[in-house]
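All residue numbers refer to positions in the sequence shown, counting from 1.
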Amino acid sequence: MRPAKVGPRVQIPPSPPQSTERVALGVVEGNVVRYWIETLGCPKNHVDSDKLAGLLESQGYLVATSPDAADLVVANTCAFIEAAREESIETVLDLADRKRSGARLVVTGCMAERYGAELAVSLPEVDLVAGFGESLTALPSTPVNLRTRPTSSFDLLNLPRPKSKAPWAYLKIAEGCDRRCGFCAIPTFRGDQRSRSTQEIMTEARALIEGGAREIVLIAQDLASWGHDRRRAGRGEAIEVLDEGGTQPLIELTNALAREVDRVRLLYLYPSGLTAGLIEAILATQVPYFDLSLQHASRPLLRGMRRWGDGDRFLERIAAIRAVEPDAAFRSSFILGYPGETEDDQRVLLDFIEAAQLDWAGFFTFSSEDGTYANDLDAPVSHELALERLREVSELQDGITAKKRDLLVGTHQEILIDAPGVGRSVRECPEIDGVVMVDPSLIVGSMVRCEIVASHGTDLEGVVSE
């Protein structure tokens, strides 16, 4: 889990002139009603926004060219850590300033689910605070309303979604999480893990592929545990202990998807779920990219986080993968300043970062969250010290990443062209990692073999191989 930058807005080419005659945002015959969705947070939120866009378009809405041209403005918020919540509030207030007179402003997503009542009271600029599965369009006449609901009116996981505007797409295969990591509040508002069926996933994947996606990026809070909850609930065979040779549904799903699409990429793998069988399945996709949710390397601190593993175990698994595939790429994220973190813990993390030689890593400071185990822990680390430790590990990792990118100069890579002049090899995850800059005349969606001729920090430069 990691906070992410604000991603791309839902956009299409310019729209025709709007009518201002509306009836409570209902789509009236002969009338054009437009929406805009602003998305914050992780890729899972971006999938939710795609689903909401698909639902709105199925109801007759058309996407606007900007927030100030929309009748319905939606902020899909993030509540992972304090910084993400602050960004969400700032975005909502900015949208309130930008929206045109008569337009409705709706707040949905994680903040709406977690802090709905408080938001409805503290943000009079907002017309509706809608939790997961709540209608964004059946708005009341009152200025602000928090809808209460015994059950969702629709299922975000299985809503249709518009055609991908890039040659890749995220595909969410589960919602919620069964783990209770000490720092994470996500289960308190996303709930326990709820896995989609193989049929549901394959149906959506095929639709995305038919729409032009050549890379499918699987996402979930705990990807490696996909399907376990279905089996425990009697919707499949019994599941054995993961690390002791038991069956792992994600292996079968990965193999099935690899037969349908050029690239399959897996994000957010809990380290204990990275079994030998799953490693083999990932390598067989020809996308040897391992996004491991590690969070730290100190064993005592990880126990305080209610997490599995330690630096030595992580290094063993990384070494085992590199022994089979030396060119495998690795990404992870780490928390600095968790309660009880010591200078010894920091040294352990620095030693791990140096030894692991990860291609990519993200670092963020601890945020105390209501309802989590860590919220009540003693021995807090000051924010200033946490930032100092973050700068120290970031500087180390930045140097490693730059060297890893330099080593690619002179190699030949298969590049998926994402946009004019921009592509990616299997080593770069969309929206998160660096890119490969290429000839802007190359066709978007094509796969092109390129020689890497230069490195520019996190980005590379490639030319078509002769």
Side-chain angles (χ1 to χ4, degrees), residues 43-44 47 164 166-174 195-196 198-220 222-227 242 247-293 317-332 358-360 408 411-418 423-436 445-450:
K44 293 178 285 296
V47 173
S164 176
W168 61 270
Y170 294 121
L171 177 51
K172 187 191 287 189
I173 66 173
S195 297
R196 302 175 70 185
T198 300
Q199 181 179 355
E200 291 165 346
I201 294 167
M202 295 301 294
T203 297
E204 182 171 333
R206 287 170 182 144
L208 291 168
I209 294 164
E210 289 173 5
R214 302 193 66 177
E215 178 174 330
I216 298 295
V217 184
L218 298 184
I219 55 174
D222 180 11
L223 197 72
S225 293
W226 171 77
L242 195 59
T247 56
Q248 190 173 12
L250 185 60
I251 295 173
E252 302 162 9
L253 179 64
T254 301
N255 291 337
L257 285 168
R259 292 190 290 268
E260 303 268 348
V261 69
D262 295 287
R263 291 182 181 175
V264 180
R265 191 182 301 271
L266 281 63
L267 296 191
Y268 312 119
L269 293 169
Y270 195 87
S272 66
L274 191 62
T275 63
L278 183 56
I279 291 171
E280 182 179 348
I282 292 173
L283 294 178
T285 68
Q286 302 300 306
V287 183
Y289 182 98
F290 294 83
D291 180 33
L292 308 179
S293 177
R317 298 205 174 196
I318 292 170
I321 294 168
R322 285 181 172 147
V324 179
E325 178 47 81
D327 290 331
F330 293 86
R331 163 174 275 286
S332 190
L358 303 172
D359 295 80
W360 312 99
L408 293 171
T411 67
H412 293 260
Q413 305 288 333
E414 287 292 326
I415 305 300
L416 173 59
I417 308 303
D418 283 347
R424 293 176 297 106
S425 73
V426 295
R427 308 184 69 84
E428 296 96 26
C429 183
E431 297 190 328
I432 298 171
D433 302 328
V435 298
V436 181
S446 63
M447 287 274 194
V448 182
R449 186 164 179 79
C450 292

If I compare all heavy atoms of Leu278 with all of Ala224, which pair ends up nearest, and what's the gap?
CD2-CB, 4.4 Å
Under the 3.5 angstrom rule, does the side chain of Ser293 hit a backbone N or O of Tyr268 as a donor-acceptor pair?
no
Check: Ile415 and Met447 side chains under 4.5 Å, non-hydrogen atoms
no
Indicate the atoms forming the closest heavy-atom contact of Asn255 with Ala281, along with that distance.
OD1-CB, 3.7 Å
Pair Cys429-Leu267, side chain to side chain contact (heavy atoms under 4.5 Å, CB included): steps then yes or no
CA-CA 9 Å; Cys429 183; Leu267 296 191; 3.8 Å; yes
Ignoring hydrogens, what is the shortest heavy-atom contact between Gly277 and Ile251? Give both atom names and the distance.
C-CD1, 3.5 Å
Considering residues, nucleotides and ligands other than Glu260, do more than 12 of their heavy atoms fall under 6.0 Å from its CD?
yes
Hey, mind stepping through Gln413 and Val436 against side chain to side chain contact (heavy atoms under 4.5 Å, CB included) and telling me if it holds?
CA-CA 10 Å; Gln413 305 288 333; Val436 181; over 6 Å; no
Is there a side-chain contact between Ile216 and Arg263, using heavy atoms and a 4.5 Å cut-off?
no
Pro430 versus Arg424: any side-chain heavy-atom pair under 4.5 Å?
yes
Min side-chain heavy-atom separation Asp418-Val435 under 4.5 Å:
no
Only residue of Val287, Leu269, Val264, Leu250 satisfying side-chain contact (heavy atoms from CB on, under 4.5 Å) with Ile282 is Leu269
Evaluate the side chain to side chain contact (heavy atoms under 4.5 Å, CB included) criterion for residues Leu257 and Met202: first the C-alpha distance (whole Å), next the side-chain angles of each, then the deciding distance (0.1 Å), finally the verdict.
CA-CA 7 Å; Leu257 285 168; Met202 295 301 294; 3.6 Å; yes
Is any side-chain heavy atom of Thr285 closer than 4.5 Å to a side-chain heavy atom of Leu266?
no
Between the main-chain N or O of Gln248 and the side-chain N or O of Trp226, is there a donor-acceptor pair closer than 3.5 Å?
no
Would you check if there is a donor-acceptor pair between the side chains of Thr254 and Glu252 at a distance under 3.5 Å?
no
Note: Arg214-Asp262 ion pair, threshold 4.0 Å (strictly below)
yes
With side-chain hydrogen bond (donor to acceptor under 3.5 Å, both in side chains) as the test, pick out the partner of Tyr170 among Glu431, Arg265, Lys44, Glu215.
Glu431
Checking the side chain of Glu325 only, and the main-chain atoms of Arg322 only, is there a donor and an acceptor separated by less than 3.5 Å?
no
Given 3.5 Å as the limit, does a donor-acceptor pair link the side chain of Arg317 with the main chain of Pro271, or not?
yes
Rounded to the nearest 0.5 Å, how far apart are CG of Leu358 and CD1 of Ile318?
5.5 Å
Rounded to the nearest 0.5 Å, how far does CD1 of Ile201 lie from CD of Glu204?
8.5 Å
Should Val217 and Tyr289 count as side-chain neighbours, where that means a heavy-atom distance under 4.5 Å?
no
As a quick check of understanding, evaluate side chain to side chain contact (heavy atoms under 4.5 Å, CB included) for Leu274 and Ile279, giving each step before the final call.
CA-CA 6 Å; Leu274 191 62; Ile279 291 171; 3.7 Å; yes
When rounded to the nearest 0.5 angstrom, what distance separates OG in Ser332 from CG in Leu292?
6.0 Å
Thinking salt bridges, do Asp359 and Arg427 make one under a 4.0 Å N-O criterion?
yes
Could you measure the distance from the OG atom of Ser164 to the CD1 atom of Ile209? Nearest 0.5 Å is fine.
11.5 Å
Do Glu414 and Gln286 have side chains that get closer than 4.5 Å, going by heavy atoms?
no
Minimum-distance pair of heavy atoms, taken over all atoms of Gly445 and Pro167:
CA-CB, 3.7 Å
How about Leu416 and Glu428: do any of their side-chain heavy atoms sit closer than 4.5 Å?
no
